[in-house]
Amino acid sequence: MRLFLSISNDTFFVYYLLSNLIYLILLITAIFKNTIHRHRLASLKLELLKASPFTPPITLLVPAHNEESSIVESVRALLSLDYPALEVIVVNDGSSDSTLEKLELAFQLQTARVLYIPDIATAPLRGIYRSPTEPQLLVLDKEAAGCKADAINAGLNAATSPYICVVDADSILEKESLMRIMAGVFSDPSRVVAVGGIVRILNNCTVTNGELKEVRLPKKPIEVLQVIEYLRAFLVGREAWAGFNMLPIISGAFGIFQRDLVKQVGGFRTHAVGEDLDLVIRLHRHLQEEGRPYHINFIPDPTCWTEAPSDLASLARQRARWHKGLIDALWPNRDMLFRPSYGRVGWMVLPYMWIFEFFAPVVELVGYSTIVTAFVLGELSQAFFVQFLLFGYAFATMISIGSVLLEEMTFRRYSDWREVTRLIFYCFFEHFPYRQLTMFWRLQGIWQYLRGDMRWHDVKRVGISTNPTV
Amino acid sequence: MGFISSAIETLGPAEMVLKAILGSLLGILLLVGFIVLRRWYRGRYFRRKTERTIALRAQWDDIVSGKVPPRNWRFNPLDCDIVESILLDNIEMGTPETLPSLLDCLRKSGLLDMRVCETRAARGWRRRTALIALGRTRAFEAIPPLAEALDSRSRETRIAAVRGLGRIARMDAAIPILERMLTQLDVPEHTLKSALVKCCNLHPSILVNYVERSHGAVRQLLARVLGELASPDLGEELLVLAADPLPEVRGSAARALGRTNTSFTLPALHSLANDPEWFVRLRAVVALGEVENIGKIRTLLHALCDANRYVRQRAAWALARMEPQLEQILEDVVATNDDYALQALISELERSGAIENIVSAMELGPGCGSAQSLRDVVAAARDRVGVNSKALAVAAGAH
């Protein structure tokens with residue numbers, strides 16, 4: 001028992017230290033990369049990109065499942081995006097509510113017997129509709145397959161542009177976001193095969209006619225904590241991993257991909273819980289196997305605003321699902337681990353994902369339990385116990401505040417003093433008790449995965465159109 | 001704790017962890033302090049900038065005309081920054097009438113010389129910022145320093161120089177780029193193409209000479225730019241490119257030919273629509289879509305039966321937009337007995353919304369046997385196209 005406690009405590013100590021050190025390295029890298037990006041932006045003029053005849057068309061793929069509350073506003077906002085050649089394909093994924101009816105009414109949809117070639121097999125289509133008022137809009141109505149990936153694949157089959165951009169139906173893209181994200185492609189079109197943008201939290205922001213009018217920090221503490229979490233994940237994690245060309249994920253809410261490449265890898269994996277993570281890992285695999293030079297990039301300024309869960313139950317379901325998605329993507333690609341042919345992806349980012357993402361809740365649970373047990377049994381010095389906890393807490397909080405600093409140095413979306421003060425204040429709660437809560441939810445995800453429960457478990461949302469300030 | 005904690009304790013445990021805690025707390029304090037100070041400084045800076053902008057705007061005409069002598073604002077960094085920024089914005093948005101006075105102000109105040117000097121003396125991002133600002137001046141004196149920067153060892157600096165030259169948007173600004181492209185210029189393709197399009201917009205013929213002298217990727221890139229800028233007076237040179245051994249160049253020639261409505265446009269595009277490379281055929285079909293000549297129908301009908309589905313779709317797209325001839329086209333497509341071709345056309349007619357008009361017109365037309373059979377074929381094809389035709393669609397996809 002004593003030996004077990006001793007080994008467990010040591011492991012947890014090293015694990016915690018390493019995890020925070022890696023995040024510190026990522027933070028420093030992200031600050032460095034962000035500075036370069038801001039300099040580059042200063043010399044880039046978006047109007048010139050927009051006017052350029054070489055700007056390639058993009059197809060926006062919008063999977064929609066029971067999105068009646070926000071679908072019309074979302075589609076209107078997407079159609080009004082600032083991009084010279086845009087096609088919007090909405091895939092109604094067997095909604096049981098009136099998603100399709102709302103679209104039919106708003107855009108006067110008419111049945112179109114458009115040639116649809118299912119390069120990637122999907123659940124059967126029930127109909128294809130076009131709008132006489134919005135020529136660039138196409139709506140596919142398909143039977144539900146119980147997964148978002150299937151809906152995206154249906155849209156992919158119908159897409160006509162060389163680049164596709166997957167956007168969640170309940171999300172709002174900023175007007176210039178497509179131009180900005182494509183700037184990431186133009187930096188080297190032959191190498192850049194996919195680019196991710198940042199996802200931010202829409203709760204409490206003012207939205208009018210599907211357009212974001214005013215950015216405000218959410219009111220509820222649980223939402224503010226998610227804001228900090230997103231800032232850390234995107235501005236620090238993704239920015240830095242992309243800097244090393246090891247970006248493991250492009251958010252399903254907003255990212256662009258070369259259409260033909262996605263088709264080459266068989267599209268989004270049907271029934272994958274985390275289809276976004278799964279696709280990016282398979283892209284890495286495919287491109288590494290082909291020996292093709294490539295870059296999967298992340299650009300921090302193109303922004304997608306999305307509604308985050310505002311109650312604990314929804315957040316718990318979302319986090320459990322994310323963790324299931326993580327295992328579901330890592331397990332089939334476990335053969336990439338430590339294989340020279342997969343380069344730094346196989347040697348660095350995938351091991352990191354296994355050790356510091358997938359195993360994190362397990363290690364933390366065991367660690368917390370053994371530390372407390374050792375403390376109760378008197379195997380652990382009281383002073384050291386308190387000091388260790390304090391150190392872990394202070395270090396992790398410092399990283400969280402670092403991500404707020406990064407936001408301050410770059411995009412400053414929260415311009416009010418009070419909002420920044422609140423952001424910093426809540427950084428002190430991210431690692432206690434929020435982190436422990438997410439640990440519990442992630443453990444639930446592991447448990448659900450082991451039981452074979454791969455359902456999506458709907459997350460409660462307020463919707464964009466029903467409330468001007470979501 | 002176990003081994004590690006015991007080791008730490010041996011080494012001086014509490015002190016070490018305490019130092020780590022203090023270090024972290026200090027880190028937190030520094031970060032928060034930095035955020036607060038930065039916000040305060042920025043707030044103050046932008047307040048001052050707004051005040052000065054209002055003051056300088058109030059005397060703007062006098063600043064441009066020189067009535068307010070440059071020494072009044074030139075030696076105050078904030079004022080200098082504001083005036084330069086307004087001047088450059090005005091130059092970019094300006095008309096040929098206002099441009100000379102703005103450039104004159106830039107020259108007389110020494111701002112232009114300051115930027116030229118910076119592009120030569122400064123390093124890193126400061127140099128790059130100066131290069132872009134210099135390009136925005138559109139002054140001919142800006143070209144030599146920008147051209148020098150094309151030889152920089154830093155890729156970012158070369159990119160800034162190309163962007164700067166592009167902003168000048170004059171033919172003579174394109175020459176340094178083109179000359180270096182012939183030897184070696186490592187800059188992203190899109191940046192080069194955008195700069196060349198802006199510089200060669202009025203004189204695309206300058207590119208022909210460079211296309212002829214270049215090889216491989218550079219030749220393809222220049223041909224692509226030419227394809228965007230081609231004008232009718234380029235006709236014969238484009239014919240040479242249409243016979244180029246590089247497929248990309250032939251594809252660009254097809255694109256260019258679509259913009260030159262000359263006597264040989266159709267025959268040349270017809271030839272390119274039969275190219276062995278599918279993307280050359282595709283671009284020829286796209287170009288045919290832009291040509292206003294019903295003589296293209298024959299070639300497009302041929303392309304509608306192409307082995308490649310993208311070519312078929314694009315040919316269908318072009319044909320579906322030839323409203324007055326649609327009935328005849330439909331009849332000709334049915335006569336080909338090519339199911340994929342008919343599918344592609346019907347699908348495009350559905351997409352463009354023209355199908356209902358044709359069907360109505362056909363129903364009002366003669367009830368003779370051939371018209372009736374055409375109606376039947378179209379009706380059957382409409383039923384097959386779309387979501388119920390999975391097997392057929394899969395087969396079409398295989399081609």
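All of these numbers come straight from a predicted model, not from anything done at the bench. Each chain gets a letter, A, B and so on, in the order the sequences are listed, and its residues count up from 1.
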Contact winner vs chain A - [options], heavy-atom pairs under 4.5 Å:
options: B:Lys198, B:Arg136, B:Gln313; answer: B:Lys198
options: B:Gly23, B:Gly164, B:Gly27, B:Gly135; answer: B:Gly27
options: B:Ile159, B:Val36, B:Thr129; answer: B:Val36
options: B:Leu25, B:Ile35, B:Ile132; answer: B:Ile35
options: B:Pro188, B:Ala133, B:Gly166, B:Ala316; answer: B:Pro188

Between [X] and chain A, which part of the residue has a heavy atom less than 4.5 Å away: side chain, backbone, both or neither?
X: B:Glu348; result: neither
X: B:Ala20; result: both
X: B:Arg163; result: side chain
X: B:Arg128; result: neither
X: B:Val187; result: neither

With a 4.0 Å cut-off, would you call [X] and [Y] a salt bridge?
X: B:Arg126; Y: B:Glu118; value: yes
X: B:Arg138; Y: B:Glu92; value: no
X: A:Arg126; Y: A:Glu143; value: no
X: A:Asp119; Y: B:Arg309; value: yes

Using non-hydrogen atoms and a 4.5 Å limit, figure out which bit of [X] sits close to chain B: side chain, backbone, both or neither.
X: A:Lys142; result: neither
X: A:Arg191; result: neither
X: A:Leu49; result: side chain
X: A:Phe4; result: neither
X: A:Thr55; result: both
X: A:Ile36; result: both
X: A:Leu3; result: neither

* Is atom NZ of A:Lys50 surrounded by more than 12 heavy atoms (other residues, nucleotides or ligands) closer than 6.0 Å? ->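 Not more than 12 within 6.0 Å, no.
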* Looking at A:Phe12 versus A:Tyr368, is the centre-to-centre ring distance below 6.0 Å? -> yes
* Asked: Ring centroid separation for A:Phe429 and A:Phe425, is it under 6.0 angstrom?
  -> yes
* **Top contributor to chain B interface from A:Leu390, A:Ile424, A:Val420 [non-hydrogen pairs under 4.5 Å]** =>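 Looking at each of A:Leu390, A:Ile424, A:Val420 in turn, A:Val420 comes out on top.
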* Asked: Does a donor on one side chain sit under 3.5 Å from an acceptor on the other, for A:Asp10 and A:Ser8?
  -> no
* Asked: For residues B:Ser154 and B:Ser152, is any side-chain donor paired with an opposing acceptor at under 3.5 Å?
  ->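 Not at all, the side chains of B:Ser154 and B:Ser152 share no donor-acceptor pair under 3.5 Å.
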* Identify whether NZ of Lys or CZ of Arg in A:Arg232 sits under 6.0 Å from the centre of the six-membered ring of A:Tyr23 and within 45° of that ring's axis. =>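 Yes, a cation-pi geometry holds between A:Arg232 and A:Tyr23.
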* To do: Could you tell me how the ring of B:His190 sits relative to the ring of A:Phe54: parallel (under 30°), tilted (30 to 60°) or perpendicular (over 60°)?
  =>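 Taking A:Phe54 first and then B:His190, their aromatic rings stand perpendicular (interplane angle over 60°).
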